[in-house]
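Only heavy atoms go into these numbers, but all of them, side chains included; no hydrogens, no water, no symmetry mates.
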Amino acid sequence: MAYNVYSLPDCKSVLYHPDVGTANLHQCGMGKIVVSAAGDLTSHTTTADGYIVVNKLKTTNGTITLEVPQNSVGDDFLRRWARWARSTASPNRIALGTLTIYDAVAGFTVVCTGVSLQKVPDRTFDRTGTNLTYTLLATTITEQ
């Protein structure tokens with residue numbers, strides 16, 4: 001009998017920006033990564049006489065949601081990136097980030113380039129630790 005297998009520990013994810021550094025997210029208690037395409041692959045247009053025209057669209061951009069433990073190495077890296085973006089970042093260097101996710105079990109790699117930090121998370125101060133959600137934008141998302 002065959003089973004489908006998934007294992008988050010077998011996913012290696014590296015976030016890099018030349019001005020901020022490198023974070024091996026898989027080594028810092030990563031909670032979750034969601035990579036979302038912004039656009040559609042196809043659309044349909046109905047003509048005046050009732051025909052359907054299928055349009056192939058080329059959109060490569062999207063959103064990345066990173067969930068990291070509060071005060072973790074990943075959180076520290078992303079806070080440092082946010083401070084850099086707010087204070088010293090030159091506009092032409094904002095989107096030089098890359099995120100590479102390798103899923104060893106499934107055997108594919110997702111590469112996000114042109115990555116910039118869209119938003120820092122809301123800060124929660126509670127009696128227990130929590131995960132924080134960072135949102136990043138990517139100009140190109142490819143799966144290899």
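- Expressed to the nearest 0.5 Å, how far CD1 of Ile64 lies from CD1 of Ile141 amounts to 5.5 Å.
- Residues Val120 and Ile33 fall within the same hydrophobic cluster, defined by Ile, Leu, Val, Met, Phe, Trp and Tyr side chains chained together at heavy-atom separations under 4.5 Å.
- For the side-chain contact (heavy atoms from CB on, under 4.5 Å) with Cys112, the lone residue among Thr63, Thr139, Val35 that qualifies is Val35.
- In the hydrophobic cluster analysis, where Ile, Leu, Val, Met, Phe, Trp and Tyr join through side-chain heavy atoms closer than 4.5 angstrom, Trp81 is grouped apart from Leu137.
- The structure places NZ of Lys12 at 10.5 Å from CG of Asp103, a figure rounded to the nearest 0.5 Å.
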_Working note: Val73 + Gln27, criterion side chain to side chain contact (heavy atoms under 4.5 Å, CB included); need CA distance, chi angles, decisive distance, verdict._
CA-CA 8 Å; Val73 172; Gln27 295 176 341; over 6 Å; no
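- Between the side chain of Gln70 and the backbone N or O of Thr124 there is at least one donor-acceptor pair closer than 3.5 Å.
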*Starting from the C-alpha separation in whole Å, work towards a yes-or-no answer on side chain to side chain contact (heavy atoms under 4.5 Å, CB included) for Thr65 and Thr133.*
CA-CA 7 Å; Thr65 305; Thr133 303; 3.1 Å; yes
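- Every residue two or more places apart in sequence or in another chain that forms a side-chain contact (heavy atoms from CB on, under 4.5 Å) with Ala38 is listed here: Asn61.
- What you find for Phe108 and Tyr102 is that their closest heavy atoms are O-CD1, 3.6 Å.
- The distance from the CD atom of Glu67 to the OG1 atom of Thr130 is 8.0 Å, given to the nearest 0.5 Å.
- Panel note: side chain Asp40, backbone Ser43; no donor-acceptor pair is recorded below 3.5 Å.
- Here the straight-line distance linking atom CG of Leu41 with atom CG of Leu57 works out to 8.0 Å at 0.5 Å rounding.
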*Yes or no on side chain to side chain contact (heavy atoms under 4.5 Å, CB included) for Val68 and Phe77, after CA distance, side-chain angles and deciding distance?*
CA-CA 11 Å; Val68 298; Phe77 176 81; over 6 Å; no
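- Between His17 and Gly97, the shortest heavy-atom contact is CD2-N, 3.5 Å.
- Leu99 and Ile94 fall within a single hydrophobic cluster, where Ile, Leu, Val, Met, Phe, Trp and Tyr are joined by side-chain heavy atoms under 4.5 Å apart, directly or via other members.
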_Working note: Gln118 + Leu136, criterion side chain to side chain contact (heavy atoms under 4.5 Å, CB included); need CA distance, chi angles, decisive distance, verdict._
CA-CA 5 Å; Gln118 180 186 26; Leu136 295 93; 5.9 Å; no
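- Both Trp84 and Leu132 sit in one connected hydrophobic cluster of ILVMFWY residues. Membership requires side-chain heavy atoms under 4.5 Å apart, directly or through other members.
- Considering CG of Asp19 and CG of Leu96, their distance stands at 6.5 Å, rounded to 0.5 Å.
- Val14 and Leu117 are not part of a single hydrophobic cluster, where members link through side-chain heavy atoms under 4.5 Å apart.
- Atoms SG and CG, on Cys11 and Leu25 in that order, are 12.0 Å from each other to the nearest 0.5 Å.
- Scanning for side chain to side chain donor-acceptor pair (under 3.5 Å) contacts around Tyr134 gives Asp75, Arg123, with sequence neighbours left out.
- Between the Asn24 side chain and the His26 main chain, no donor and acceptor come within less than 3.5 Å of each other.
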